[in-house]
Amino acid sequence: MQKVSILLRTASAAGAAMALGDAACQYIEGKDWNARRTCLMGSTGLLASGPLAHVWYTYLEKRIPGATVHAVVKKVVANNLFAPISISVSFTALTLLQGKSLKEGKVKVESDLFSTWRSGMFYWPVVGYLIFKYVPFH
């Protein structure tokens, strides 16, 4: 039962973070707030990105336990190698939640995966290092 509650907590946190992030992006872009877009992003985090992250980080901690510098660097490298899978799942889930087809999801992944992953490489390794080093695993 505790594993389920941790999964739900992770999924909920991912959903909230993605929804807040989307709302912030819309604000920064100077757009009127599109509540549907924000809800879709939050749903993607809750239903896809969050559960995937939970499973991935649980696996990663079992394979590379601890928070030594050596372990943290290994986790950051592994996490960045896994990122294309995570991005693909998020893009596909969002596309499906928008009512589009799996084929359209594939097109989205093929067109935007590399640029999204490349952009994230300037941000996520630092965030990952801080999380793996200072945030205790369950």
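Start at 1 with the first residue, then count along the sequence.
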Roughly how far apart are [X] [atom1] and [Y] [atom2], rounded to 0.5 Å?
| X | Y | atom1 | atom2 | answer |
| --- | --- | --- | --- | --- |
| Glu110 | Ser88 | CD | OG | 9.5 Å |
| His70 | Ile64 | NE2 | CD1 | 8.5 Å |
| Ser12 | Leu7 | OG | CG | 9.0 Å |
| Ser86 | Asn80 | OG | CG | 11.0 Å |
| Leu96 | Leu40 | CG | CG | 11.5 Å |
| Leu97 | Thr92 | CG | OG1 | 11.0 Å |

Give me the atom names and distance for the closest heavy-atom approach of [X] to [Y].
| X | Y | answer |
| --- | --- | --- |
| Pro51 | Ala11 | CD-CB, 3.9 Å |
| Ala93 | Ala48 | CB-CB, 3.6 Å |
| Pro125 | Gly120 | CD-O, 3.5 Å |
| Ala14 | Gly45 | CB-O, 3.7 Å |

* **Glu104: partners by side-chain hydrogen bond (donor to acceptor under 3.5 Å, both in side chains), with sequence neighbours left out** => Ser101
Should [X] and [Y] be counted in the same cluster of Ile, Leu, Val, Met, Phe, Trp and Tyr side chains packed under 4.5 Å apart?
| X | Y | result |
| --- | --- | --- |
| Phe114 | Ile87 | yes |
| Tyr57 | Leu52 | yes |
| Trp117 | Val89 | no |
| Val55 | Ile85 | no |
| Met18 | Leu113 | no |

If you look only at distance, which donor and acceptor atoms sit under 3.5 Å apart when one is on a side chain in residues 128-135 and the other is two or more places apart or in another chain?
from   : atom 1 : to    : atom 2 : distance (Å)
Lys133 : NZ     : Ala67 : O      : 2.9

* To do: Scan for side chain to side chain donor-acceptor pair (under 3.5 Å) pairs involving residues 13-29, sequence neighbours excluded, and state none if there are none.
  => Asp22-Gln26, Asp22-Arg37, Asp22-Thr38, Gln26-Thr38, Glu29-Lys31
So do [Y] and [X] actually touch side chain to side chain, heavy atoms under 4.5 Å?
| X | Y | value |
| --- | --- | --- |
| Met41 | Leu94 | yes |
| Glu61 | Lys75 | yes |
| Phe137 | Leu60 | no |
| Val76 | Trp124 | no |
| Arg9 | Ile6 | yes |

